[in-house]
Amino acid sequence: MPISTGYAATLLTVIAAYGIAALGLNITMGRAGQVNLGQAAFVGVGAMASAIATVRYSLSFWEAIIIAALASFLAGAALGVVSIRLREDFLAITTIGFNFIVVYVFLYYKFFGGSYGIIGIPKPTLLGMRITGFAYTIMSWTILLLLAALALYIDKTWLGLAFEALRDNEEVAESVGIDVRKYKILAFAIGAMYGGVAGSILAHFKGYIVYSDFAFPYSIMILSMSIVGGMDTIVGAIVGSAMIILLPEIFRPLMEYRMIMYTAIIVLMLYFKPEGLLGRESKWLISLRRILRAWSGGIRGD
Amino acid sequence: MINNIILETRNITKYFGGIRALNNVSIKIRKGSITGIIGPNGAGKTTLFRVIAGFLKPTKGEVLLESKRIDGKPPHIVASMGVGFTFQVPQGFPSLSVLDNVIAAIGWRFYRGMGFIKRRTKSDIIGEAYKIIKKVGLEDYVERKAGELPLGLQKRLEIARALALDPKILMLDEPVAGMSAEEAMELAGLVRELNRGGLTVMLIEHNVPIAVELSDYMYVLHYGEVLAEGKPEEVTSDRRVIEAYLGAGYASG
């Protein structure tokens with residue numbers, strides 16, 4: 001089957017965007033241990049913020065994507081604040097509820113385009129040139145790499161350690177001076193911000209968004225990306241996104257049964273390989289590291 | 001004698017619903033001492049501990065650290081003010097290495113405000129962590145995950161984490177519970193060594209012989225009240241204490 005460049009560009013852009021959303025989920029859930037089954041809501045908040053900023057207020061894409069990041073950061077912080085005392089199952093249910101509320105707000109308020117959605121979302125321009133097709137793909141991947149670098153940096157900071165401490169044991173985290181509430185809110189806010197940037201990229205790529213693009217099933221899709229790749233990893237989010245986007249493309253009949261596929265993948269992965277394909281202890285990752293090491297060793301000549 | 005009280009509780013009373021767990025408990029912990037708090041099961045030892053640590057708010061009364069009130073402050077503030085504590089059942093951060101467990105506690109200076117955006121992987125931080133790990137004798141387990149350590153070593157890690165806070169006082173909640181006699185003696189040795197280095201220790205213990213051996217001063221809690229206090233030999237020969245532990249029949253004999 002010949003692959004047209006347009007088709008490839010579309011797939012790669014969508015992979016990058018959802019890779020960013022999954023990366024955010026890996027920070028909130030994988031690092032900080034805060035269950036979030038409503039990541040699509042933050043993708044929606046970012047997409048809406050970006051669409052409204054450009055279509056209604058004629059701001060540039062570059063301004064809009066910053067606004068999208070801020071809006072979703074704040075939405076994430078808000079979810080963090082309301083769910084401060086919740087853990088595990090109750091937290092999961094609250095985040096699902098949050099997803100539904102956001103979607104219904106988009107549907108019932110004209111400001112967000114209601115059931116018609118928002119059309120005519122412009123493509124970004126850079127130095128007077130419109131960024132479309134493969135250029136847009138390259139832009140998306142550049143943003144993905146920047147945000148992956150940020151995630152790597154967070155891992156090396158006190159913030160990253162506070163997140164892991166929080167995930168392992170909240171009471172012990174408190175006992176070493178970690179303000180659990182503050183870091184829970186930050187975990188949601190930062191993860192949500194990633195979702196918002198993903199939303200902005202998707203909105204300007206498609207040029208049209210509607211409330212149903214951010215419904216709960218998309219949260220499950222993002223979750224399955226995280227789980228397939230490994231919640232604990234950064235590369236995992238990108239690999240997971242690629243696999244979950246490509247599988248139904250390769251096996252067209254799967255398209256109709258996508259929700260079943262996501263669910264099956266989540267269940268099977270959690271049962272057989274809870275750390276994900278590229279999780280810290282996974283054999284895939286270890287052999288990948290070995291290959292990379294051999295490679296870089298070869299280059300350096302040692 | 002005026003200024004050498006590091007930690008003090010004044011008339012701490014704590015109700016859980018209608019049940020009174022603590023009643024007017026006043027204790028004083030002198031700088032440089034090892035102060036033991038003993039008492040039979042259900043005497044309120046752990047409740048007192050959790051009140052001091054900030055996990056519980058007292059219904060009435062005050063907790064003072066170097067004459068500053070800390071009652072009602074959340075645990076992370078109490079910890080960063082210099083109260084290091086260990087948990088009765090060692091928990092720690094099981095998925096993190098021994099090193100990261102200790103580094104997480106060294107970070108208390110950075111978790112406030114925006115300090116969290118700083119890198120933690122600096123050589124001076126790691127050096128500091130190694131020093132603490134060595135002090136508690138875990139240097140052979142630096143890279144091991146905390147959750148994989150045997151109980152005895154997990155208890156040491158608990159102490160290492162508390163030490164990383166650079167505490168003014170170290171509160172140990174039943175540090176030898178569940179340990180073999182040999183391990184318990186080793187841990188007691190560690191506590192004494194830390195105390196000789198100038199650290200004030202508050203020891204909550206169910207195991208009376210260990211508490212007697214280590215403590216300079218003791219309080220006995222019974223039914224949520226201070227039943228007796230004094231030097232260990234005074235306390236253990238006190239009639240009321242023997243009755244509380246063994247029942248009324250033994251005291252006369």
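Note that these values count all heavy atoms, side chains included, but never hydrogens, waters or copies made by symmetry.
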* Asked: To the nearest 0.5 Å, how far apart are OG1 in B:Thr9 and CD1 in B:Ile70?
  -> 10.0 Å

* May I ask you to check if B:Arg50 and B:Phe55 form a cation-pi contact, with NZ or CZ under 6.0 angstrom from the six-membered ring centre and within 45° of the axis? => yes

* Criterion salt bridge (charged side-chain N to carboxylate O under 4.0 Å, His left out) on B:Glu205 and B:Lys45, from CA distance to verdict -> CA-CA 8 Å; B:Glu205 218 9 288; B:Lys45 302 187 298 286; over 6 Å; no

* For the residue pair B:Thr35 and B:Leu203, establish whether any side-chain heavy-atom pair is separated by less than 4.5 Å. => no

* Structure fact -> When rounded to the nearest 0.5 Å, the distance separating CG of B:Leu65 from CD1 of B:Ile5 is 12.0 Å

* **Proximity of A:Trp158 and B:Phe116 rings by center, below 6.0 Å** => no

* **OH (B:Tyr141) with more than 12 external heavy atoms under 6.0 Å** => no

* **Side chain, backbone, both or neither of B:Ala104 within contact of chain A (heavy atoms, under 4.5 Å)** => both

* Enumerate by number any residue of residues 150-177 of chain B whose heavy atoms lie under 4.5 Å from heavy atoms of chain A; in the absence of such residues, state 'none'. => B:Arg161, B:Leu165

* Selection from B:Gly54, B:Pro74, B:Gly92 maximising heavy-atom pairs under 4.5 Å formed with chain A -> B:Gly92

* Is it the side chain or the backbone of B:Arg109 that comes within 4.5 Å of chain A heavy atoms, both, or neither? -> neither

* Options A:Asp155, A:Val176, A:Leu186, A:Leu159, ranked by heavy-atom pairs under 4.5 Å with chain B, top entry -> A:Val176

